[in-house]
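Just so it is clear, the structure is predicted and the values come from calculations on it, not from any experiment.
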There are 2 protein chains.
Amino acid sequence: MSLTPAVPDGKRPTLADVAARAGVSTALVSIVMRDAKGAGAATRERVLQAAREIGYRPDARARLLRSRRSRLIGVQFGLQHPFHADLVEGVYAAAEAAGYQIALSAVTAGRSEQRAVETLLADRCEALILLGPQAPAARLAELAGQLPVVSVARRLRPSGSGPEVVRTADDEGARQAVDHLVGLGHRDVVHVDGGRAPGAAGRRRGYRTAMNRHGLGAHLRVMPGGPTEEAGAAAARALVTAGPRPTAVLAFNDRCASGVLDVFLRAGVAVPGDVSVVGFDDSRLARLAHIGLTTVGQDVARLARLAVGRAVARVEGGAASGGTGAVEDVVPPRLVVRGTTAPPR
Amino acid sequence: MSLTPAVPDGKRPTLADVAARAGVSTALVSIVMRDAKGAGAATRERVLQAAREIGYRPDARARLLRSRRSRLIGVQFGLQHPFHADLVEGVYAAAEAAGYQIALSAVTAGRSEQRAVETLLADRCEALILLGPQAPAARLAELAGQLPVVSVARRLRPSGSGPEVVRTADDEGARQAVDHLVGLGHRDVVHVDGGRAPGAAGRRRGYRTAMNRHGLGAHLRVMPGGPTEEAGAAAARALVTAGPRPTAVLAFNDRCASGVLDVFLRAGVAVPGDVSVVGFDDSRLARLAHIGLTTVGQDVARLARLAVGRAVARVEGGAASGGTGAVEDVVPPRLVVRGTTAPPR
DNA sequence: TCTAGTCGCTAGAACGTTCCAGTCATGCCG
DNA sequence: CGGCATGACTGGAACGTTCTAGCGACTAGA
């Protein structure tokens, strides 16, 4: 009673092995394994039994090679970015529901986007989903000429031939945050921005227009930041040591907000007593009970579903659907009020 | 001058297309693409030129199907675990150096380890590297019977047939931390443990033996914790509200320590003034300038290198090398002293 | 001049699967 | 009983590579 595959030599069992054992043709085994119609109930059971006995496992490569469709979607993501992790999780779920497989390719310090995409292409993906891609727009457009490409969280100039885009309405999110703060009575609201990070421009714009709309143009103040804790901490240090302290801070994202929070706490600046802080993303970080960050939530599940949906539609609709309708899905954000915001002193 | 592939129908170009264009056989094109010897310099250039012109890109699936070797290592990792992200980064680098490819398969809330492993097996990986696997030892042993398996950061009873193990000396790390704290003059050192998380048992043991060795058995105190910020925060709250406050806390890992830090800061407990805090992992979190956590560093790059090395050795050495030598690599940790530890008041 | 070795290249058979076109019963309708 | 769907099943050709022979033409040593 061994659990190791019962095939003479060390090779892994194939369709032919199962077929031989069940006394049928390989074609029929293939039918059974794919759960396709064309096999009788009794034979089906017999084949499955044989497959189980010798520990047969279909070879994904061979399957993909033969069938025209690969039903494979390549996903490029930043390994160190928690927000991407959330997105990938959603993409897995959405793809599974649509009957597609996912091939992951990570971008790290030592592995460029270029390389990540190349491996995905070599794997015969039918479509690519790029999470927060940093590559030049021209490169992305070229890629989109070869296969359906969906850019998530990176805004691109809409064009008929370029990648499709799925993103959160960053400006709208920043507006909601500002409205919330102003509604609480704040006037000195500072924005620690995200620099060149995807989405940063939109959030900056949203902050500006919202402040102006409230007649607070004179209080406009954008501090250079970034998408990391360090960036937030640096900005907060500048606020603590120099310059007049605002009554509220809108950070580029949750990690940035976390850096701000930490420096404030260390400097004895009470949150939300002395200063209110708002983040962006509603990442796991923000939800942690002991942080309880007020933040602008992105609907990650929906972004993922839309991205997969667009990719699948393009793949199944062929090139024809490339030109139809909007090439951009914009998902509305939702302010999540937690414990880091309150009326000013 | 179009950038789209110059093949009549919409199909992606193959070896045959390149061969036709260059006026040679497909076998020769294969040789050239693989950079193998057996082709003249002039022809080589001509073939490459042709390939470039029609935008040829080798098909990884077909290649893998045909060649006996796949040179593919499957990696299972926890999508939400930053420490795994660091490891994966190292694994990518090590694998590349060894001439192997990596196939990633993530474990998430909605995607079990079982499923992750299944897709890797279907992809014909030659070996599996599992990061902090939670599956029962029996299941891992069964898997190891089918192909080389390396478990990283999860300790397993050494056996000739089970998975190989690469891990940090968790007990030794805890010991270093305790030595450091005791050396500073601390006696009331509490350990917030990791519960059932991989490595937790070793760190608990190291803490206990180190305390005893220093004659501080009476001060032994292990609080139930876990690998997340919430767990650390919960333990810290208990320390702040009830019971005598220790002068130092050794947390299971950096995330846990971060939760402890946050609660302490909020409660007005100065770190390291009132209490010293030590983490574990030396993750990006600990290195952040504004946190500056004293922590026990795991040599991630080395763990990754060893894991890949073991996998490759088993693959290339065949089953023969399965029985030889140790089946466990234990990497020594290194205490990284930063700003969260100081002599007690 | 004969061998033997190297070099550049090609034909054709794998690899493990799916797809297509059938074959052979069987059942049903008129 | 003829005709003709319908369903179960099979043979064999793909899919895009790599691998094993082996071929012809040189070179070089004896």
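Counting to the nearest Å, the P atom of D:dT17 and the CG atom of B:L28 are 14 Å from each other. At whole-Å resolution of the value, CZ in B:R124 and P in D:dT17 are 18 Å apart. Protein atom NZ of A:K37 is 10 Å distant from nucleotide atom P of D:dA8, rounded to whole Å. Protein atom CZ of B:R63 is 14 Å distant from nucleotide atom C1' of D:dC19, rounded to whole Å. At whole-Å resolution of the value, CZ in A:R68 and C1' in D:dA13 are 14 Å apart. The CE-C1' distance, from A:M33 to D:dC9, rounds to 18 Å in whole Å. Rounded to whole Å, the distance from CG on B:L15 to P on C:dC15 is 19 Å. Between A:E45 atom CD and D:dA8 atom C1' there is a gap of 17 Å when expressed in whole angstrom units.
Counting any heavy atom pair closer than 4.0 Å across all strands shown, B:G40 reaches sugar-phosphate atoms only and no base atom. Among the heavy atoms of the strands lying under 4.0 Å from A:A39 are primed sugar atoms or P, OP1, OP2 only; no base atom is included.
Closest approach to the B:D59 side chain among D:dC19, D:dG16, D:dT18 is made by D:dG16 (side chain taken as heavy atoms from C-beta onward). Listed nucleotides: C:dT10, C:dG16, C:dC19. Nearest to the side chain of B:L65: C:dG16. The side chain of A:A27 lies closest to D:dG11, out of D:dT17, D:dC19, D:dG11. In the set C:dT17, C:dT10, D:dT17, C:dT10 carries the atom at the smallest distance from any side-chain atom of B:I31.
With respect to the salt-bridge test (charged N to carboxylate O, under 4.0 angstrom), the residues A:E118 and A:R111 do not qualify. Ion pairing between a basic and an acidic side chain is recognised when a charged N comes within 4.0 Å of a carboxylate O; B:E126 and B:R71 show no such pairing. Between B:E328 and B:R310 there is no salt bridge, since none of the side-chain N atoms of the basic residue sits less than 4.0 Å from a carboxylate O of the acidic one.
Between A:T43 and D:dC9 there is a side-chain polar atom (N or O) within less than 4.0 angstrom of OP1 or OP2. For the OP1/OP2 pair of C:dT17 and a distance below 4.0 Å, the side-chain nitrogens and oxygens of A:S30 include no atom meeting the criterion. Put simply, A:S25 has no side-chain N or O that comes within less than 4.0 Å of OP1 or OP2 on D:dG11. Between C:dC19 and A:R34, a contact under 4.0 Å exists linking OP1 or OP2 to a side-chain N or O.
For a distance-only test at 3.5 Å, the side chain of B:R66 fails to qualify as a donor-acceptor partner of the base of D:dT17.
Mapping B:T26 and A:T26 onto DNA chain C via the closest heavy atom, the residue that lands nearer the 5' end is B:T26.
Rounding to the nearest 0.5 angstrom, the gap separating the CG atom in B:L303 from the CG atom in B:D329 is 9.0 Å.
Nearest heavy atoms, B:C125 versus B:L147: O-CD1, 3.6 Å.
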